[in-house]
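Following: one structure in C-alpha cells, then a few remarks.
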Amino acid sequence: MQQSKLITMDEFTIMETRKFPQATGELSSLLRDIGLAGKLVNKQVRKAGLVDIIGEYGATNIQGETQQKLDVFANETLIGILKYSTDCAGIASEENDDHLAFEDSFSANSKYVVLFDPLDGSSNIDVNAPIGTIFSIYRRVSELGKPCTIDDFIQPGNRQMAAGYIIYGSSTMIVYATRLGVNGFTLEPSIGEFCLSHPNIKCPENGKIYSINQGNTSKCSEGMVSYLNYCMEPNKEEGRPFSHRYIGSMVADMHRTLLKGGIFIYPADKSSPKGKLRLQYECNPMAFIIEAAGGKATWGGGNIMDIQPTELHQRTPVFIGSKNMVNKVLEYVGA
Ligand code: P6P
C-alpha cells in the first residue's frame, strides 16, 4: 500500500474514533497509552545487551518462572503508564499474583481494564530472539466509581473490546484489533512514532507452516501425533509437506502466522494437561486478533473466546491460525 504520508497510530486512532460520533475516544486513548509503554520498553530492549538489564532479576513470578530483569521493567512500565491513564480502572499481569485496582477517583470511574503479558518469550532475551508484549482490553462489569474487581478480569474472550501485541523484533511493531479490524504500526525511531505500515491485516485462509514444539511429540495425544504426520507427509495437491517454524516466542510465532498464514499449536500433553499458555493474557488476545483478521482459534472442543474463565492465570490448549488449517487439525484432535 503506497501511502502519501506517514499516518501515526495516534492519528489513526483519532480517525477511527471520528467514524463513530457517539465514541468517547477513551478506548483510543488507552491504546495510545499502551503504545507509549511499548516505546519505553522498546528503548530498554534495544540496549539490553549494553546495560545491566539482561539476566535474571533474582525473583520468580506466580508461574514459578525466573523473572528476567526486562520482564520486571516491562511490567512496572505498563503498570505505571496505565495507573496514570485516564481510561484504565486496573490491570492484571502474568507477573502479578492478583489483579491491581487503581484506587484514585479518576481510575475508579474509568470503564476499561487491561490484562497483559508484559514481556512474552522472555527466555529468548539473552539470545536476541524476538519477544513481545501481549494485551487485552475489556469493559469492566463492576460498578463505576468503585475499585475494579476480579470479575472484570475473568470475562470470556468474546467480551474483549480490543487486543494486540507489541513485537520487539527486527523492527518494533504494534498490532492491534478492534471490531473494526486489525492494523499494524511500525516504530519509526527518528520521530518516535508508530506509523501505519500494515493496514487491514487479513490472515490467509490457508498456509504452509505449522508451528509447534515438536520436542513434545512423545507427550502428545494419538490424534496430535497423526496430525503432525499429516503435516510431514508429501502431497503436492495439498502443498505438503508443510514447513515447520517454531521460535518459542508466542508473539513472534503468531505475528508470522497472522501475516503469512499457518497454524500455531500448543496442545495439552502429559506435562501440561491443560495446555501451557495462559488464557486471559496470551490465548484470548491472540484469538481476538486472529479472528478479527479472518482466522480461527480453538482449544480443541470449541472457540477459545467462549471459555468462561474461573481463575486469572488459567491455561488452555490452543490451535490458532489460518481457518482451513485449524478446521483440518480439528479432524484429528477435535473433542
Ligand atoms: P516451550 C514463552 O515462555 C511462552 O510462554 C510462549 O511465548 C511460547 O510460545 C511458549 O511459552 C514456548 O513454550 O514449552 O515450547 O518452550
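For reference, positions follow the sequence shown, starting with 1. Both counts, for ligands and for their atoms, begin at 1 and track the order of listing.
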Query raised in the report: Looking at atom 11 (O) of ligand 1, what's its closest protein heavy atom, distance included?
Result: Lys276 NZ, 3.1 Å

Report task. Check whether any heavy atom of Leu277 sits under 4.0 Å from an atom of ligand 1. Result -> yes

Report task. Would you check if the distance from the ring center of Tyr281 to the ring center of His313 is below 6.0 Å? Result -> yes

Requested in this report: Check each atom of ligand 1 against the heavy atoms of Ser249 and keep those under 4.0 Å away; list them by number with element.
Outcome: 7 (O)

Query raised in the report: Just distances here: any N/O of Asp253 and N/O of ligand 1 closer than 3.5 Å?
Result: no

Query raised in the report: Given Asn75, which of Leu119, Asn96, Val41, Thr133 fulfils the side-chain contact (heavy atoms from CB on, under 4.5 Å) condition?
Result: Asn96

Query raised in the report: Does a side chain donor of either Asn284 or Ser136 reach within less than 3.5 Å of an acceptor in the other side chain?
Result: no

Report task. Output yes when the distance from some N or O of ligand 1 to some N or O of Tyr246 is under 3.5 Å, and no in every other case. Result -> yes

Query raised in the report: Does the side chain of Arg315 pick up a donor-acceptor pair with the side chain of Ser272 at under 3.5 Å?
Result: no

Report summary line: Of all protein heavy atoms, the one nearest atom 9 (O) of ligand 1 is Met250 N, 3.3 Å

Query raised in the report: Under 4.0 Å from any heavy atom of Phe264, which atoms of ligand 1 are there?
Result: 9 (O)

Query raised in the report: Just which atoms of ligand 1 are under 4.0 Å from any heavy atom in Asn213?
Result: 1 (P), 14 (O), 15 (O)

Query raised in the report: Quick check, are the ring centers of Tyr176 and Phe185 under 6.0 angstrom apart?
Result: yes

**Report entry** Sub-4.0 Å atoms of ligand 1 with respect to non-hydrogen atoms of Glu282
**Finding:** 5 (O)

Requested in this report: Among all protein heavy atoms, pick out the one at the shortest distance from atom 14 (O) of ligand 1; state its residue, atom name and that distance to 0.1 Å.
Outcome: Tyr266 OH, 2.6 Å

Query raised in the report: Is Glu103 paired with Lys83 through a side-chain N to carboxylate O contact shorter than 4.0 Å?
Result: no

Query raised in the report: Is the ring centre of Tyr332 less than 6.0 Å from the ring centre of Tyr230?
Result: yes

**Report entry** Option nearest atom 8 (C) of ligand 1 (shortest heavy-atom distance, choices Ala252, Gly248, Gly215, Ser123)
**Finding:** Gly248

**Report entry** Modelled atom types, side-chain donor and acceptor of Thr217 and Gln214, under 3.5 Å
**Finding:** no

